[in-house]
Number of protein chains: 2
Amino acid sequence: MSQLSEMKKVDIKKGGKKTQDDIVYAHIFDAILEQRLAPGTKLNEESLGEIFGVSRTIIRRALSRLSYEQVVVIRPNRGAVVASPSIEDTRGILFARRVVEKAVTELVCDHADNAQIEQLKKCVRAEQTCFDSGDRAAGIRLSGEFHLLLAEMANNPPLLSFQRSLVSLSSLAIAQYESNAKSHCSYDEHFELIDAIAKGDKNLAVQLMMHHLDHIQDKLNLDGDAATSDLKAIFANVCK
Amino acid sequence: MSQLSEMKKVDIKKGGKKTQDDIVYAHIFDAILEQRLAPGTKLNEESLGEIFGVSRTIIRRALSRLSYEQVVVIRPNRGAVVASPSIEDTRGILFARRVVEKAVTELVCDHADNAQIEQLKKCVRAEQTCFDSGDRAAGIRLSGEFHLLLAEMANNPPLLSFQRSLVSLSSLAIAQYESNAKSHCSYDEHFELIDAIAKGDKNLAVQLMMHHLDHIQDKLNLDGDAATSDLKAIFANVCK
DNA sequence: CCAGAATAAATTGTATACAAATTATTCATC
DNA sequence: GATGAATAATTTGTATACAATTTATTCTGG
């Protein structure tokens with residue numbers, strides 16, 4: 001990764017002081033959200049240390065944090081890999097998202113002001129620009145950030161941190177199970193949702209959000225036909 | 001803390017292999033859940049290291065993990081303290097719990113078997129025994145573990161890990177804001193809830209759970225009259 | 001004796017060294 | 001050449017050393 005793009009990424013994140021492991025964490029997190037890091041990728045501590053110019057101590061902290069969000073799996077004595085959610089995991093993740101997003105949508109409908117509506121629109125316009133210009137990776141990340149932005153506006157810290165974890169896990173699941181490349185055109189549904197929120201139509205907004213999540217799930221190959229290279233899953237019935 | 005009680009605690013937790021920082025984490029977590037560690041308590045790394053017989057590295061990992069669950073607050077360069085949720089935080093925590101517990105209750109109603117019902121009863125009987133024999137601390141912890149057990153039975157890993165964080169945060173909030181000592185008689189409501197689940201009466205179970213959470217919140221002093229020693233909160237209006 | 005600066009002690013943040021475990025390679029055997 | 005044990009290399013886990021920062025104490029002037 002170039003020095004330039006590194007700086008861009010750091011600047012993107014708001015909030016003043018960033019400690020070193022915040023930066024490393026954010027980079028790896030974004031790489032996963034943008035699907036530049038595929039599920040299953042081994043995350044070597046020393047290599048990452050050289051890339052970011054810090055010691056393993058810092059890398060280790062960042063990886064731990066990612067593992068608490070379950071975006072990375074740390075296998076004792078065997079290092080960290082990017083999580084590869086199973087089909088069952090993915091169903092669980094999307095179920096949890098329905099639970100959280102419903103609450104978030106209702107909260108945002110209750111007390112969203114014009115400035116916030118505008119902020120949401122700005123986010124989705126950026127998403128649209130990315131997809132239309134072919135920058136799928138950035139588009140996927142911005143799509144996730146739209147949902148994070150909503151959670152932020154719900155003004156409930158625990159729900160926000162949970163949503164953070166769920167959005168990145170969803171991104172991993174999409175990376176693994178999305179059927180075809182023409183997939184991620186979520187922005188029109190995002191715009192519809194914003195309109196419903198702006199009108200304060202809570203029922204419609206929740207309904208749109210649920211359908212939106214249904215569509216995300218529909219695009220995934222969750223029929224259990226193992227479009228995966230997970231041998232354990234394939235031969236799960238053998239040694240039973 | 002004695003060597004003996006340390007071993008007891010370790011044995012309590014299920015699952016085979018425990019790494020060192022798992023043990024330290026579990027001890028501090030339980031101490032917070034049992035309210036032996038009051039909100040605001042400073043958690044010195046070296047002292048904890050001596051207590052548990054490990055280096056600061058391990059303590060640090062445990063504290064980080066607790067801070068990701070927001071049970072502990074790490075202030076840069078100034079160490080870790082047990083979190084002291086504000087009144088607003090507490091409302092947010094209980095709101096999030098309603099969201100999660102509703103989903104959990106519905107899931108458990110859908111597919112709880114007799115063995116699980118029995119397990120739930122066993123947990124609440126233990127809780128009852130503790131409260132009746134005057135061991136309030138253990139009772140509070142078991143009360144929390146009942147809700148964690150439910151989340152486990154919901155069979156949704158993300159919801160479980162979120163519930164874990166919320167239950168311990170609730171415990172902290174109770175420690176800070178509970179009005180009178182005669183408070184925590186949650187076990188009868190727990191028994192009622194189990195009955196509803198056993199009958200598979202989803203609507204009733206959800207209703208009971210919501211009322212249960214209402215009662216927990218009702219027992220708290222959240223009227224903003226600052227039964228707290230938090231000077232920042234008391235003088236929040238001064239330098240505005 | 002009290003306020004505030006200067007200094008000392010304690011505590012946290014990061015890097016590094018070494019031990020323990022895992023993974024890769026070599027070598028002997030069939 | 002393939003299989004499997006022995007060895008070497010890599011990688012992770014933990015402790016420790018030192019730097020940076022914060023907190024406590026001492027000193028000085030009023």
Side-chain angles (χ1 to χ4, degrees), chain A residues 6 10 13 15-28 37-84 229-232, chain B residues 3 6 10 13 15-28 31 37-84 229-232:
Chain A
E6 189 176 325
V10 174
K13 300 287 165 192
K17 51 196 164 190
K18 286 279 152 197
T19 71
Q20 284 184 305
D21 49 66
D22 282 335
I23 296 170
V24 173
Y25 163 83
H27 273 99
I28 301 176
L37 274 174
T41 306
K42 177 79 191 289
L43 299 169
N44 182 287
E45 295 179 1
E46 198 166 344
S47 310
L48 288 170
E50 282 172 25
I51 290 168
F52 292 107
V54 296
S55 79
R56 280 176 52 217
T57 307
I58 308 297
I59 301 297
R60 223 139 207 288
R61 278 176 65 90
L63 291 177
S64 293
R65 189 167 160 195
L66 288 161
S67 83
Y68 301 139
E69 291 181 5
Q70 304 183 279
V71 173
V72 149
V73 173
I74 295 180
R75 307 158 301 174
N77 284 312
R78 307 194 48 227
V81 295
V82 178
S84 41
S229 59
D230 186 349
L231 294 176
K232 290 187 299 298
Chain B
Q3 194 71 12
E6 187 176 326
V10 174
K13 299 287 165 190
K17 52 196 164 191
K18 286 279 151 198
T19 71
Q20 283 184 305
D21 50 67
D22 283 334
I23 296 170
V24 173
Y25 163 83
H27 272 100
I28 300 176
L37 274 174
T41 306
K42 178 80 191 290
L43 299 169
N44 182 287
E45 296 180 0
E46 198 167 342
S47 311
L48 288 170
E50 282 172 25
I51 290 168
F52 292 107
V54 295
S55 79
R56 281 177 52 217
T57 307
I58 307 297
I59 301 297
R60 226 140 204 287
R61 280 176 64 91
L63 291 177
S64 292
R65 188 167 159 195
L66 287 161
S67 84
Y68 300 136
E69 290 182 6
Q70 303 184 278
V71 173
V72 149
V73 174
I74 294 180
R75 307 156 302 174
N77 285 312
R78 306 194 48 228
V81 295
V82 178
S84 41
S229 58
D230 186 349
L231 295 176
K232 290 188 299 298

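First the proteins, then the strands, lettered A, B, ... as listed; each starts at 1.
For the residue pair A:Lys42 and A:Gly79, the shortest heavy atom distance occurs at CE-CA, 4.1 Å. A pairwise comparison of heavy atoms in A:Pro39 and A:Ser84 identifies CB-CB, 3.7 Å as the closest pair. Here the shortest heavy-atom pairing between B:Val82 and B:Val72 reads CA-CG2, 4.4 Å.
Contact of the A:Leu43 side chain with the A:Leu63 side chain is registered, since non-hydrogen atoms from C-beta on lie closer than 4.5 Å. In this structure, B:Phe52 and B:Ile23 have side chains that are not in contact, with every pair of non-hydrogen atoms separated by 4.5 Å or more. Counting only heavy atoms from C-beta outward, the side chains of B:Arg65 and B:Asp22 approach each other to under 4.5 Å.
Nearest nucleotide to the A:Arg78 side chain, out of C:dT23, C:dA15, D:dT23: C:dT23. The listed nucleotides are D:dA15, C:dT14, D:dT12; the one nearest the side chain of A:Asp21 is C:dT14. The A:Thr57 side chain lies nearest to C:dA15 when the options are D:dT12, C:dA15, D:dT14. Of the candidate nucleotides C:dT12, D:dT11, D:dT14, D:dT11 has the atom nearest to the side chain of A:Asn44. Distances from the side chain of A:Gln20 to the nucleotides C:dT12, C:dA15, D:dT14 place C:dA15 closest.
In this structure, B:Arg75 places its CZ atom 13 Å from P of C:dT11, rounding to the nearest Å. Across the protein-nucleic acid pair, A:Phe52 atom CZ and C:dT14 atom P stand 15 Å apart, rounded to whole Å. The distance between atom CD of A:Glu50 and atom P of C:dT16, rounded to the nearest whole Å, is 12 Å. Nucleotide D:dA19 holds its C1' atom 13 Å from the CD1 atom of A:Ile58, rounded to whole Å. As a whole-Å value, the separation of B:Arg61 CZ from D:dA15 P is 12 Å. Atom CD of A:Glu46 and atom P of C:dT16 are 11 Å apart (whole Å). One interatomic measurement links the two molecules: NZ of B:Lys42 to C1' of D:dT22, which rounds to 9 Å at whole-angstrom precision. Atom CD1 in B:Ile23 sits roughly 10 Å away from atom P in D:dT14 (whole-Å rounding).
OP1 or OP2 of C:dA15 lies within a sub-4.0 Å distance of a side-chain N or O belonging to A:Ser55.
Interatomic distance, CD1 of A:Ile58 versus CG of A:Leu48, reported as 12.5 Å (0.5 Å rounding).
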Show each protein N/O and nucleotides 17-20 of chain C N/O combination with a separation under 3.5 Å, one pair to a line.
none

